[in-house]
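Data block below; observations after.
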Amino acid sequence: MPKITVREFKSADRPQWETFVNTSNNGTMFQKLAFLDYHPENKFAFRHLMFFENEHLVGVLPGGYYNTESGEYWSPVGASYGSIVTQDISFEKSLAIVDAFMEYCRGQRFKEVFLIPPPLIYCQNYSQHIEYAMLYRKFDFELHYISHAIHLKHGADFLQHFDPTARKTIRKVLRDGVLKIEDSDDYATFHDILLKNKARHNVKPTHSLEDLLKLRELMPENLKLFMVYHEGKAIAGSLLFLCNSKVALCFYNMMLFEYEHLKPMYLIMHETVRWATEAGYEWVDIGVSQVPSDPDPMTPSLNLINFKERFDSRGILRSTYHFTFG
């Protein structure tokens, strides 16, 4: 089996890290250092790892601690997806990387590790070698979330594959012309809608306005904002994270609920799928569908799932791999 060594990331490694993620098989914007830079300095105790075979970089792992006293190593920290990023490598090399990681963790006396890889659809070439290697080494699962994604395999005919209610509603919205959807750079107005939307569920958004503006500054090519207008007033919006060349993620789809009767979310879904198809993406990920107020974090939001399935989406798992060191 290949001999893999582990080294902790240093600032001088940044160009090599970013190039590796950009050219990897399973990397996304969330595993890039440019994304993590939006966090205030010292908010998290990052400890990113790099894996080498004969001085050749074969894997990276963004991660660290939420609490340095807990003995828990997390990947990601401060992002949606993390875990081990690799090229399209063999299972044997994947197993060697996982073994090297576990040896490193034991040497650091970690108590537990939690890794959240991107779902399979984010891979350039579908492979779950790393995930199986972890399971073979007796990782278990902490949580699964249900996400939904639309496979853009139908090209320009995508609307024919939405359910009858979605097709009828979208055609009426487009025909009536009461709503307009446009590309936008108005993050302040969008974030105001986001705050009001989240307040209905007694939760706060993941990102402050300052966070979104920082991300726009750091990664402008990875963000796209749509806004919906009624009589000149912004009533809804969608912020896409363009995670890699395969997947556009609807990170936030939000509206002012007093305009719900105008069906702005149907227009957003139509425009998102249309744009992503023309831009050459293979999938649109519509995000997870859990009930945030439920004591069980895995409880599915059936109403939200039913809505997403109107647009020819399918369920995909967002899973947290976990290991306890004895």
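Bear in mind the structure is a predicted one, so any value in this text is a computation, not a measurement. Counting begins at 1 with the first residue of the sequence.
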Next item on the list: State the CG-NZ distance between L256 and K196, to the nearest 0.5 angstrom.
Entry: 6.0 Å
Margin query: Taking V77 as the starting point, is it possible to reach Y145 by hopping between hydrophobic residues whose side chains are less than 4.5 Å apart?
Written below: no
Item checked: Side chains of I89 and I97 in contact at under 4.5 Å (non-hydrogen atoms) -> yes
Note to self: Donor-acceptor pair, distance only, cut-off 3.5 Å: does the side chain of Q31 make one with the backbone of G82?
What the structure shows: yes
Next item on the list: Taking only Lys NZ, Arg NE, NH1 and NH2, and the carboxylate oxygens of Asp or Glu, determine whether R310 and D312 approach each other closer than 4.0 Å.
Entry: no
Item checked: K172 atom NZ, neighbour heavy-atom count above 12 within 6.0 Å -> no
Notebook entry, point to check: If you look at every heavy atom in F323 and K138, which pair is closest and at what distance?
Noted result: CD1-O, 3.6 Å
Notebook entry, point to check: Can you check side chain to side chain contact (heavy atoms under 4.5 Å, CB included) on F35 and N222, steps first, answer last?
Noted result: CA-CA 10 Å; F35 178 86; N222 292 98; over 6 Å; no
Note to self: Please determine whether ring-ring contact (aromatic ring centres under 6.0 Å, His included) holds for the pair F44 and Y65, giving the CA-CA distance in whole Å, both sets of side-chain angles, and the decisive distance to 0.1 Å.
What the structure shows: CA-CA 7 Å; F44 299 116; Y65 318 100; over 10 Å; no
Margin query: Pair L213, R216 - check side chain to side chain contact (heavy atoms under 4.5 Å, CB included), show working.
Written below: CA-CA 5 Å; L213 294 176; R216 182 187 63 176; 3.4 Å; yes
Next item on the list: Report yes if some heavy atom in the side chain of E309 is under 4.5 Å from a heavy atom in the side chain of D163; otherwise report no.
Entry: no
Margin query: Taking R318 first and then D285, would you say they form a salt bridge - that is, a charged N and a carboxylate O separated by under 4.0 Å?
Written below: no
Next item on the list: Flag the pair Y321 / F114 as yes when their ring centroid distance falls below 6.0 Å, and as no otherwise.
Entry: no
Margin query: Ring centres under 6.0 Å, that's the criterion: do F307 and Y266 meet it?
Written below: yes
Next item on the list: Find out if a path of hydrophobic residues (ILVMFWY) with successive side-chain heavy-atom gaps under 4.5 Å connects V228 to L174.
Entry: yes
Next item on the list: Give the C-alpha distance, both sets of side-chain angles, the deciding distance and a yes or no for salt bridge (charged side-chain N to carboxylate O under 4.0 Å, His left out) between D37 and R14.
Entry: CA-CA 12 Å; D37 283 346; R14 186 184 182 102; 2.4 Å; yes
Next item on the list: I would like to know whether H48 and V60 meet side chain to side chain contact (heavy atoms under 4.5 Å, CB included); could you show each step before the answer?
Entry: CA-CA 8 Å; H48 309 313; V60 299; over 6 Å; no
Margin query: Salt bridge check, E18 against K32: does any charged N sit closer than 4.0 Å to a carboxylate O?
Written below: no
Next item on the list: For the residue pair F162 and F158, categorise the inter-ring angle as parallel (less than 30°), tilted (30 to 60°) or perpendicular (more than 60°).
Entry: tilted
Checklist line | Parallel, tilted or perpendicular, as decided by the 30° and 60° cut-offs, for the rings of F30 and F251 | finding: tilted
Checklist line | F226 backbone acceptor or donor facing D183 side chain under 3.5 Å | finding: no
Note to self: So, applying side-chain hydrogen bond (donor to acceptor under 3.5 Å, both in side chains) with H161, which one of H154, R167, H151, K153 is it?
What the structure shows: H154
Note to self: Rounded at 0.5 Å granularity, tell me how far NE2 in H129 sits from CG in L95.
What the structure shows: 11.0 Å
Item checked: Whether S24 side chain and V21 backbone form a donor-acceptor pair below 3.5 Å -> yes
Next item on the list: Determine whether I286 and N253 make a side-chain contact, defined as any pair of heavy atoms from C-beta on separated by less than 4.5 Å.
Entry: yes
Check: Between H207, H191, K198, which is the residue that forms a side-chain hydrogen bond (donor to acceptor under 3.5 Å, both in side chains) with Y252?
Finding: H207
Next item on the list: Look up atom CG in L218 and atom OH in Y38, then write down how far apart they are to the nearest 0.5 Å.
Entry: 10.5 Å
Check: When you measure from the side chain of D211 to the backbone N and O of S208, does any donor-acceptor pair fall under 3.5 Å?
Finding: yes
Item checked: Donor-acceptor under 3.5 Å (S313 side chain, K308 main chain) -> yes
Notebook entry, point to check: Between F325 and L135, is there a shared hydrophobic cluster once you connect ILVMFWY residues whose side-chain heavy atoms come closer than 4.5 Å?
Noted result: yes
Item checked: Ionic contact status for R106 with E103, cut-off 4.0 Å -> no
Check: Would you call the rings of F141 and H144 parallel, tilted or perpendicular if under 30° counts as parallel and over 60° as perpendicular?
Finding: tilted
Note to self: Main chain of H56, side chain of N54: is a donor-acceptor contact present, judged purely on distance under 3.5 Å?
What the structure shows: no
Margin query: Under 6.0 Å between ring centres: does that hold for W283 and Y122?
Written below: no
Notebook entry, point to check: Is there a donor-acceptor contact under 3.5 Å from the side chain of S75 to the main chain of P62?
Noted result: yes
Notebook entry, point to check: Does V273 reach the side chain of F311, with side-chain heavy atoms less than 4.5 Å apart?
Noted result: no
Note to self: Using every non-hydrogen atom in the two residues, find where L209 and Y187 come nearest and quote the distance to one decimal.
What the structure shows: CD1-O, 3.5 Å
Item checked: same_hphob_cluster(W17, I130) at 4.5 Å side-chain heavy-atom cutoff -> no
Note to self: Looking at F257, I want to see if its CZ is surrounded by more than 12 non-hydrogen atoms of other residues, nucleotides or ligands under 6.0 Å.
What the structure shows: yes
Next item on the list: Measure across T272 and S238 and return the closest heavy-atom pair with its distance rounded to 0.1 Å.
Entry: OG1-OG, 4.2 Å
Check: Strictly by modelled atom types, are T28 and N244 linked by a side-chain donor-acceptor pair under 3.5 Å?
Finding: no
Next item on the list: Please step through side chain to side chain contact (heavy atoms under 4.5 Å, CB included) for the pair F9 and L33, ending with a clear verdict.
Entry: CA-CA 11 Å; F9 168 83; L33 302 172; 3.4 Å; yes
Notebook entry, point to check: Would a 4.5 Å heavy-atom cut-off, applied to side chains only, mark Y104 and E8 as touching?
Noted result: yes
Check: So, do S94 and T86 sit near enough that their side-chain heavy atoms are less than 4.5 Å apart?
Finding: no
Next item on the list: Could you tell me the separation between the CE atom of M29 and the CD atom of E221, rounded to the nearest 0.5 Å?
Entry: 8.5 Å
Next item on the list: Answer whether the closest heavy-atom distance between the side chains of I193 and M227 falls below 4.5 Å.
Entry: yes
Notebook entry, point to check: With the threshold set at 4.0 Å, does a side-chain nitrogen-carboxylate oxygen contact exist between E210 and K214?
Noted result: no
Item checked: Heavy-atom pair with the smallest gap, counting every atom of H148 and G315 -> CD2-N, 3.6 Å
Next item on the list: Would you tell me whether S127 and N26 have side-chain atoms, one donor and one acceptor, within less than 3.5 Å of each other?
Entry: no
Note to self: When you compare the side chains of D192 and T189, does any donor N or O come within less than 3.5 Å of an acceptor on the partner?
What the structure shows: no
Next item on the list: Quick one: pull up CD1 in I235 and CG in L262 and give me the separation to the nearest 0.5 Å.
Entry: 5.5 Å
Check: Quick one: does N25's side chain have a donor or acceptor within less than 3.5 Å of a partner on N125's backbone?
Finding: yes
Next item on the list: Please name the pair of heavy atoms, one in L36 and one in A79, separated by the smallest distance, quoted to 0.1 Å.
Entry: CD2-CB, 4.1 Å
Checklist line | Validation row: T23, Q87 side chains within 4.5 angstrom (heavy atoms) | finding: yes
Item checked: Closest non-hydrogen atom pair, I84 against L61 -> N-CD1, 3.7 Å
Notebook entry, point to check: For E72, does its backbone N or O pair with a side-chain atom of Y66 as donor and acceptor, under 3.5 Å?
Noted result: no
Checklist line | Separation of L115 CG from T320 OG1 (nearest 0.5 Å) | finding: 9.0 Å
Notebook entry, point to check: Going hydrophobic residue to hydrophobic residue with side-chain gaps under 4.5 angstrom, can you get from M255 over to I170?
Noted result: yes
